[in-house]
Amino acid sequence: DIRSLGCEEKRELLATIEQAVAFVTTMIFQDGSSQLSSEQVLTSSVKGVVVLVKNQTDHPCPPSYSSIDYTWNAANENDKLIYLKTEWSSLWEQEQQAHKKFAWQVLFQMLHCKVPIICFNAKDFLRTLLQVYGNEISWKQVADSVVLDPRIAAWLINPSDTVPSFESLIQKYFEKPFSMGTVNTDTGTLRNASVSTLKLFFLIYLYQYQNLRVNLEKLYNVMRYLARDLQVQGLWKLFCTLELPLIKILAVMETHKIHVNTQELKKTSDILGLRLKELEQEAYQVAGGQFLLTSSSQLREVLFEKLKLHVLCEKVHRTEIQQLVSTSEVVLNKLQDLHPLPKIILEYRQVHKMKSTYVDGLQTCIRKGFISSTWNQTGTVTGRLSAKQPNIQGISKHPVRITKKQYIKGKEAEIVTISPRTLFVSKKGYSFLAADFSHIELRILADLSSEPELLKLFQEPETTDIFSTVASQWKGIPSEEVKHADREQAKRIVYSVVYGAGKERLADSLGITPLQASQFIESFMQKYKKVHEFTKKTIEQCRNKGYVVSIMGRKRPLVNINAQDYKLRTQAERQAVNFVVQGSAADLCKMAMVEIFTSVVISPTLTARLIAQIHDELLFEVEDSQILEFSALVKRTMESLQQTTALEVPLKV
DNA sequence: ATTACGACGCTAGG
DNA sequence: CCTAGCGTCGT
């Protein structure tokens with residue numbers, strides 16, 4: 001405990017840190033649990049940080065192939081365990097101020113000495129530091145730290161393991177499961193012994209931290225095993241140059257708060273609520289009875305048993321599990337002309353989604369007028385990021401029009417447009433800047449397949465509308481005669497190929513029969529033969545190796561690729577094709593994040609901060625005076641990734 | 001009688 | 001194809 005150290009001892013400690021070869025660290029929560037506990041309690045606040053300082057020179061990390069000793073090597077006497085309290089009752093006392101200052105001194109040195117800091121869920125650790133020491137540091141100061149996160153390493157090795165716990169990693173790498181002793185396992189026997197209360201607390205304290213020391217040693221060793229695995233599997237570079245820097249970027253992102261217009265939020269909630277009531281009444285009228293509009297099973301009863309609408313319509317989509325007639329958007333669209341109810345339901349659903357998710361749902365995420373999403377780096381199998389509370393990646397783009405009846409004032413009606421994205425407001429003197437890759441997945445498909453027609457499309461500067469051009473090329477009609485419907489169809493088919501969708505899925509999305517859909521796919525593949533070759537080759541490689549690889553070497557094992565079962569096998573085939581395209585796009589977007597972050601950190605003047613990543617789009621908050629300079633930097637950096645990754649196809653932002 | 005939880009359906013993002 | 005989130009409904 002650094003609070004018990006004298007002046008000389010403090011100096012010694014800093015000297016030890018200077019000599020360290022690695023730090024293994026975890027946060028300690030109020031309830032005594034740590035980041036290594038299986039159930040991470042978010043409600044419990046952070047009490048402090050425990051750091052195991054590795055001083056042995058025998059196990060450098062990152063390790064080399066040859067000189068790793070894989071034997072269990074727990075109690076290393078030269079390793080130092082230090083405890084830093086980060087929570088203070090009051091900062092009035094001089095003593096507490098001094099403790100906080102020294103704790104920061106220790107952490108600052110750790111972050112800046114380029115020695116790896118090993119931490120399970122490192123993002124949470126860094127974010128907490130930024131929050132606790134927010135006044136004495138700027139976010140740029142975490143940038144040159146070197147953090148290693150075993151969880152991310154494990155996820156890279158197998159992305160299907162979406163949340164590998166510390167315990168599961170221990171089990172996997174040390175075969176026999178360890179007893180994860182917790183603080184309160186043995187207090188009973190302690191209580192029975194005739195020891196004084198003070199002594200008891202001391203014993204619990206000691207036990208807890210000895211246990212923690214063992215776990216940190218285990219964590220260190222697990223990281224070494226994982227590092228070796230990453231190297232063997234060719235994932236080490238991806239880990240070091242992309243995923244590790246991203247930890248810091250996400251930690252910084254989570255400390256940034258976005259202001260929300262709460263008054264507007266309340267107002268729109270009421271407007272939407274009123275509209276829902278109106279639609280509810282209209283629905284009851286035309287249905288000839290009341291039912292729960294939000295219940296798809298009750299709606300199914302009304303539409304298909306009471307009104308028998310589906311018999312007038314051929315080939316309606318069915319639900320996945322129970323194989324019942326679906327009440328989804330595509331089906332309701334087909335039923336529109338037969339009865340007024342489907343149209344009402346469609347609008348009801350749109351308005352209800354808007355209210356429940358983007359207005360009322362957003363309100364539950366607001367703390368003191370601000371929101372900040374939680375970013376999950378290991379939440380997907382394709383390498384993409386995911387966000388929650390709120391899911392800022394899923395906020396509706398298109399506005400919803402509402403005809404608001406105004407009874408009070410003389411006006412008859414007023415049309416209000418509600419677009420959720422306008423509810424977020426930038427800081428005063430700052431603006432939001434969005435930069436997105438144009439058609440990145442299609443460009444990647446062009447590159448991966450080397451399809452000449454597709455490549456030409458992107459390389460020729462006169463191509464203004466990619467899907468119109470594809471439509472004209474594919475259907476063999478002049479570009480002036482391409483209708484809006486042709487363009488939409490081309491877009492759907494292109495993305496069906498990108499997403500690896502089968503004929504059934506395409507049929508649903510286009511509202512046609514699976515036979516017609518398969519004919520569309522076939523004629524598309526006939527025109528762009530190399531794309532077909534690419535999908536065939538990808539599936540073939542997956543069959544041989546058991547996994548597929550993205551452009552940056554990200555892997556996805558697909559065990560079902562050789563399955564007997566047709567459904568499972570073809571699903572795995574689509575997943576294989578999809579992973580290569582989607583995963584590669586994720587690689588590029590992450591690279592853009594890292595490069596832009598680095599540029600801003602290096603720059604003494606730029607202050608732009610990343611707010612969100614919506615897969616192919618980066619959203620920043622930029623000082624108004626820097627918008628021109630920064631937007632040029634962003635565009636240049638993103639487009640230059642073509643050279644960095646040796647892509648045949650240019651990237652456009 | 002009330003609550004908790006998993007399965008299912010739908011739809012927003014890409 | 002892969003996400004988050006809202007909502008029923010049965011257990």
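Below, each value reflects all heavy atoms present in this structure, side chains not excepted, and no hydrogens, waters or symmetry copies. Convention: sequence-line order gives letters A, B, ...; per-chain numbering from 1. Predicted, not measured: the structure shown is a model, and the values here were computed from it.
If you measure from atom CZ of A:F579 to atom C1' of C:dT3, you get 15 Å, rounded to the nearest angstrom. One interatomic measurement links the two molecules: CG of A:N578 to C1' of C:dT3, which rounds to 12 Å at whole-angstrom precision. Computed from coordinates, the A:D616 CG to C:dC2 P distance equals 18 Å when rounded to whole Å. Between A:H398 atom NE2 and B:dG14 atom C1' the separation is 12 Å, expressed in whole Å. Atom CD1 in A:I345 sits roughly 11 Å away from atom P in B:dT11 (whole-Å rounding). Put simply, CG on A:L299 is 15 Å from C1' on C:dC9, counting in whole angstrom units. Summarising the geometry, the separation between CG on A:L618 and C1' on B:dG13 is reported as 15 Å, rounded to the nearest angstrom. Regarding A:Q582, its CD atom lies at a distance of 9 Å from the C1' atom of C:dT3, rounded to whole Å.
The nucleotide whose nearest atom lies closest to any side-chain atom of A:R421 is, among C:dC1, B:dG14, C:dC9, B:dG14.
In the model, A:S296 has no side-chain atom that pairs as donor or acceptor with a side-chain atom of A:R349 under 3.5 Å. No donor-acceptor contact under 3.5 angstrom links the side chains of A:E595 and A:T637, judged on distance only.
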Might you list the N or O atoms of the protein lying below 3.5 Å from N or O atoms in nucleotides 3-9 of chain B, with each pair's distance?
residue: B:dG9; atom: OP1; partner: A:T319; partner atom: OG1; Å: 2.9
residue: B:dG9; atom: OP1; partner: A:Q322; partner atom: N; Å: 3.4
residue: B:dG9; atom: OP2; partner: A:I321; partner atom: N; Å: 3.3

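Salt bridge status for A:D270 with A:K266: present, with a side-chain N to carboxylate O gap under 4.0 Å. The pair A:R554-A:E243 counts as a salt bridge, with a side-chain nitrogen and a carboxylate oxygen less than 4.0 angstrom apart. Taking 4.0 Å as the cut-off between side-chain N and carboxylate O, A:R543 and A:E540 count as a salt-bridged pair. For A:K530 and A:E648, the salt-bridge test fails: no basic side-chain N is under 4.0 Å from an acidic carboxylate O. A:D124 has a carboxylate O that lies under 4.0 Å from a charged side-chain N of A:R127, or vice versa, which qualifies the two as a salt bridge. Between A:R443 and A:E639, none of the side-chain N atoms (NZ, or NE/NH1/NH2) sits under 4.0 Å from a carboxylate O, so this pair counts as no salt bridge.
When the side-chain nitrogen and oxygen atoms of A:Q575 are compared with OP1 and OP2 of C:dC2, one or more of them lie within a distance under 4.0 Å. OP1 or OP2 of C:dC2 lies within a sub-4.0 Å distance of a side-chain N or O belonging to A:R556.
Using cut-offs of 30° and 60° for the angle between ring planes, the A:H310 and A:F304 rings count as perpendicular. Taking the six-membered ring where tryptophan is involved, the planes of A:Y528 and A:F524 are tilted, since the angle between them lies from 30° to 60°.
Near DNA chain B, meaning a heavy atom under 4.0 Å from it, residues 348-382 of chain A has A:R349, A:K353, A:Y358 in order of number. Contact check of residues 386-396 of chain A against DNA chain B (heavy atom, cut-off under 4.0 Å) returns A:Q393, A:G394, A:I395, A:S396.
When atom types are taken as modelled, the side chain of A:D486 and the backbone of A:A471 share no donor-acceptor pair closer than 3.5 angstrom.
At a threshold of 4.0 angstrom between heavy atoms, the contacts of A:E441 with the nucleic acid are absent. Across all strands shown, A:E329 has heavy atoms under 4.0 Å from sugar-phosphate atoms exclusively, and none from any base. Across all strands shown, A:R318 has no heavy atoms under 4.0 Å from either base or sugar-phosphate atoms.
Pairing each heavy atom of A:L279 with each of A:E347, the nearest pair is CD2-OE1, 3.7 Å.
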